[in-house]
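I have placed the structure first, in the form of structure tokens, so that the comments after it can refer back to it.
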2 protein chains.
Amino acid sequence: MSDAQAPEKRRAPAKEVKNSKEGDERHDAIYRSVSDAIVEQRLKPGARLREDALADVFGISRTGIRKILQRLALEQLVTLIPRRGASVTRPTADEAKDVFVARQLIECGLMPDVARRMGEKEAAELREMARQERQALRSGQQSVAIRLSADFHVRLAQLSGNATLAEFVERLCSRSSLILAVYGHRGHLGCESHDHDDLIGYLETGNGERAKAFMSRHLKAIEASLSMVEEEENVPDLQQIFGG
Amino acid sequence: MSDAQAPEKRRAPAKEVKNSKEGDERHDAIYRSVSDAIVEQRLKPGARLREDALADVFGISRTGIRKILQRLALEQLVTLIPRRGASVTRPTADEAKDVFVARQLIECGLMPDVARRMGEKEAAELREMARQERQALRSGQQSVAIRLSADFHVRLAQLSGNATLAEFVERLCSRSSLILAVYGHRGHLGCESHDHDDLIGYLETGNGERAKAFMSRHLKAIEASLSMVEEEENVPDLQQIFGG
DNA sequence: AATAGAATTACTGTATACAATAAATAGCAG
DNA sequence: CTGCTATTTATTGTATACAGTAATTCTATT
């Protein structure tokens, strides 16, 4: 179009800046960083996530932060209100119920496939994960234990060989961590520490139906450990509290 | 900061510009527009989606387009290759299999719940949707029929009352449209036109187990109608084709 | 004429500037 | 002193400019 360009402008670059290594590895790392913080409950439900603040912390511009927040919003880990910004999602009781129904259907349905594809190597890997989880719990690292527990369930789903369903399970597990944060009792993870080991046992012997039933009980136990009372911070129900 | 501002600048706005009504309705409309075009196969798998071109067409800047493309990528309707841009996803045979396994598990598992919550109004709505689908098919509007069929399955899932699982089904159905586009036979939708009506019948009478079995056969029939041969356009396999 | 290499083009990736809006605060009247 | 309105401030939404990279075209050499 306009030919009046400074000719030495062209001369410039070469290989001076080396900010992006390959793909957008950096963004992925930041995404994971925020996601982990939410799942480990270091960022609690309701916490505001200001774009500027995050941009400062991670040393990238708001553009990149917005991309990451959007992704987290699609996974329902953060809630995005137009013109009001992002905050860590506070799941409602209804959503919590939906998530556990979904987990029952999908995770239990997957157990036969997992049992079928279970080998020495896979069992060993799972046992190691269960061991780390138990250790974290023993040493009082509740946050880490929660994430490791979620990781266990996700890895299990991946062993089914169905990437699509594994991804669904991944999302359900992250959301479960949020639910635990809101409705769980302090100092109680929801599931017994030896549950995962027992499950591996059934899977190892190829007993899919047994594993399925056990997973069902396992999930029910977690759900039952929650106290499903929504702290209504929105409207204090004056009518209910006083008059009548 | 700087106080040297034209004082009438402040006076300005009020309700002059009306570009964004509430939230970002505009962006949602564009998203739906692109999504529909993909599901209806007006944008075929492999089609490139250049940011500039889309920005021009919809009259917004690339920023907004990128946001939408990202969302579509997360839903796996478009594939985003770094520095290479976006294109309509071409599902592999493995992905196709995964999607149908997932649909079997989730959609069939949902049928008992749907049957339980099925009322007059819901049945009538579904029948109307099935009618439109049949009509589209009769009048040769294959593209529309494909979308209406997906809509039917999604609506069904929503009637289960579980928003989370309904969202999963929605994603599976959009992906199924892509799969149909790649592996389906021309002029054959994959499912019989009266299938959906039959299904409504079982649901109406509260026969969840029957509906479940029917849905299973229905999905199997669709999957069976596909010819699962990947057209390897990438590497022409010179070795294979010639020498040996 | 075919191919390697260089210049150009076309496109995506990122930051930044600016516009718009909701929240917070201050000023003012009753 | 209380409640309403106006101003300021904080923060998000959007476009645009520029940088960087893959693809393409052009040129020169064997």
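Chain identifiers are assigned alphabetically (A, B, ...) following the order of the sequence lines, protein sequences preceding nucleic acid strands; residue numbering begins at 1 within each chain.
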Between I60(A) and G85(B), name the one whose nearest nucleotide on DNA chain C is closer to the 5' end.
G85(B)

Given atom CG of L80(B) and atom P of dC11(C), what is their separation to the nearest angstrom?
16 Å

Pairs touching residues 46-56 of chain A that satisfy side-chain hydrogen bond (donor to acceptor under 3.5 Å, both in side chains), sequence neighbours left out
E51(A)-R62(A), E51(A)-R66(A)

Closest non-hydrogen atom pair between P45(A) and T89(A), with its separation:
CB-O, 3.5 Å

Respond yes when some side-chain nitrogen or oxygen of R50(A) is under 4.0 Å from OP1 or OP2 of dT11(D), and no when none is.
yes

Name the pairs: protein N/O against N/O of nucleotides 16-18 of chain C, kept only if under 3.5 Å.
{"from": "dT16(C)", "atom 1": "O4", "to": "T63(A)", "atom 2": "OG1", "distance (Å)": "3.4"}

Spacing between K67(A) atom NZ and dT12(C) atom P, to the nearest angstrom
13 Å

Between atom CD in E51(B) and atom P in dC11(C), what is the gap in whole Å?
11 Å

With heavy atoms under 4.0 Å as the rule, sort R66(B) into base, sugar-phosphate or nothing.
base

Name all residues meeting the side chain to side chain contact (heavy atoms under 4.5 Å, CB included) criterion together with T92(B); count only those two or more places apart in sequence or in a different chain, and write none if there are none.
D94(B), E95(B), E230(B)

My understanding is that only residues two or more places apart in sequence, or in another chain, count here; which of them pass side chain to side chain contact (heavy atoms under 4.5 Å, CB included) with E122(A)?
M118(A), L159(A)

Send over the distance from I65(A) CD1 to dA15(C) C1', rounded to a whole Å.
13 Å

What is the distance, to the nearest angstrom, from the CZ atom on F58(A) to the P atom on dT14(C)?
16 Å

Report the distance from atom CG of D52(B) to atom P of dT12(C), rounded to the nearest whole Å.
6 Å

Sequence-distant partners of Q104(A), side chain to side chain contact (heavy atoms under 4.5 Å, CB included), two or more places apart
C108(A), S216(A), L219(A), K220(A)

S160(B): what forms a side chain to side chain contact (heavy atoms under 4.5 Å, CB included) with it, not counting sequence neighbours?
L110(B), D113(B), V114(B), N162(B)

R84(A) atom CZ is separated from dA10(D) atom C1', nearest whole Å, by 13 Å

State the CG-CD distance between L178(A) and Q76(A), to the nearest 0.5 angstrom.
10.0 Å

Distance, rounded to the nearest Å, where L69(B) contributes CG and dG13(C) contributes P:
10 Å

